[in-house]
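Since the structure comes first, as structure tokens, the remarks are kept for the end.
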Amino acid sequence: MTQRIEIVRKILDSNQRIAASNRALLDENNIYGINIMASPGSGKTSFIMETLQRLPPRVHVGVIEGDTAPVTIDADKINALGTPAVQINTGGECHLDAVMVELALQKLDLKLLNLVLIENVGNLICPASFDLGTTANIVIASIPEGDDKPYKYPNIYRGLDVLIINKIDLLPYVDFRMDYFTKGIQMLNPDIKIFPVSCKTGEGFERWIDWLSSNIPTKDLPIDQ
Amino acid sequence: MTESILEIANRAALENKANRVTDIYLTIGQLSSIVDDSVQFYWDHISKGTPSEGAVLHFNRVPARLRCKNCNEYYELRDELMPCPACGSISLEIISGEELLVDHIEVVKD
């Protein structure tokens, strides 16, 4: 016989629970964690590298790099800057989830860090639904992607703390209506902080670094030379 | 996403001593990022050999409902995100449209 069973449960309930434990782990260790989401080619890795080079010496960073394939290109670049980086190969999955981040956090020496940057898989759809347990969620949009993204992928802009608009040096060459773009963002997320930057010219980074530094907890760590 | 649906359905079947899950009813908001076809595609693969094999997925799409904070107008999004149709304000509250739920399932008991 057929029977109806009521469930009414969030599909991603179990991810949410592990995200909460990641968040607690970061909090216990006095670490500010950031989930960086974006389309492929928006300049996530360049943005991370530029940020690493500009942070004050009191900030000790660990980076988690998510990729769908078993490559270590991004992690190698970060390691070359002297920053510990862990690569996650999602095995074809188009987003990171809280379990993958839980495992990656075990590979970082959290006692020595006060900032963890997580580079999500390049994708504007799936990462939106998966809380990783970070302190802040950010999206890097870039000028060549076009100004209609908030209208096409509304979900990713909800629950965001920061929006980086990268490649602003290309504004004179591309039809990008900044007011149309930011209007879409404001409809979805009125409290979001927006930082227009260019990784190429360095424009806008000062404001972003000031904001970021002011959010990173003080921790008694040796000062980098 | 699909794995989570499968896990929820299989566990509910087990807890209720059901042999087989025949139907799964999902509530999906218009603004949530989930594509019916890709869930169905993965479903057919990953549900094999589990109590949920062959279960039919039903997607109940919930429209995005907004409230204008300026004039208190309530409206639904037809397709694209848009400002308040009454006053043009972009100061909005999203009331529904972000759901991602397993609502209920139907099972067979011998």
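Order of the sequence lines fixes the chain letters, A, B, ..., with proteins taken first and strands second; residue numbering starts at 1 for each chain.
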Do other residues, nucleotides or ligands put more than 12 heavy atoms under 6.0 Å from [X] [atom1]?
{"X": "B:Q40", "atom1": "CD", "answer": "yes"}
{"X": "B:E3", "atom1": "CD", "answer": "no"}
{"X": "B:E76", "atom1": "CD", "answer": "yes"}
{"X": "A:D210", "atom1": "CG", "answer": "yes"}
{"X": "B:F41", "atom1": "CZ", "answer": "no"}
{"X": "A:K10", "atom1": "NZ", "answer": "no"}
{"X": "A:K152", "atom1": "NZ", "answer": "no"}

- Query: Pick from A:I156, A:V8, A:T2: which one has the most heavy-atom pairs with chain B under 4.5 Å?
  - Reply: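 With the most close heavy-atom pairs to chain B, the winner is A:V8.
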Rounded to the nearest 0.5 Å, what separation is found between the [atom1] atom of [X] and the [atom2] atom of [Y]?
{"X": "B:E106", "Y": "A:Q3", "atom1": "CD", "atom2": "CD", "answer": "10.0 Å"}
{"X": "A:M187", "Y": "B:S89", "atom1": "CE", "atom2": "OG", "answer": "9.5 Å"}
{"X": "A:K183", "Y": "B:L81", "atom1": "NZ", "atom2": "CG", "answer": "10.0 Å"}
{"X": "B:Y25", "Y": "A:R4", "atom1": "OH", "atom2": "CZ", "answer": "8.0 Å"}
{"X": "B:L26", "Y": "A:I7", "atom1": "CG", "atom2": "CD1", "answer": "9.5 Å"}
{"X": "A:N155", "Y": "B:Q30", "atom1": "CG", "atom2": "CD", "answer": "11.5 Å"}

When only pairs under 4.5 Å are counted, which of [options] shares the most heavy-atom pairs with chain A?
{"options": "B:S91, B:G29, B:A9, B:S32", "result": "B:S32"}
{"options": "B:E99, B:R20, B:M82", "result": "B:M82"}
{"options": "B:D23, B:I28, B:I8", "result": "B:I8"}
{"options": "B:D79, B:V108, B:V107", "result": "B:V107"}

- Query: Checking B:E15 against chain A: side chain, backbone, both or neither under 4.5 Å from a heavy atom?
  - Reply: neither
- Could you tell me which portion of B:E98 (side chain, backbone, both or neither) has an atom closer than 4.5 angstrom to a non-hydrogen atom of chain A?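 The side chain, not the backbone.
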For residues [X] and [Y], report the shortest heavy-atom separation together with the two atoms involved.
{"X": "B:L101", "Y": "A:I11", "value": "C-CG1, 3.7 Å"}
{"X": "A:L12", "Y": "B:L100", "value": "CD1-CD1, 4.1 Å"}
{"X": "A:P154", "Y": "B:L31", "value": "CG-CD2, 3.6 Å"}

- Query: Which region of A:Y153, side chain (C-beta onward) or backbone (N, CA, C, O), has a non-hydrogen atom less than 4.5 Å from a non-hydrogen atom of chain B, or is it both or neither?
  - Reply: neither
- Do the side chains of A:S129 and B:M1 get nearer than 4.5 Å, heavy atoms only?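 Yes, close enough: below the 4.5 Å cut-off.
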- Item | Heavy-atom side-chain proximity of B:H104 to A:R9 below 4.5 angstrom | no
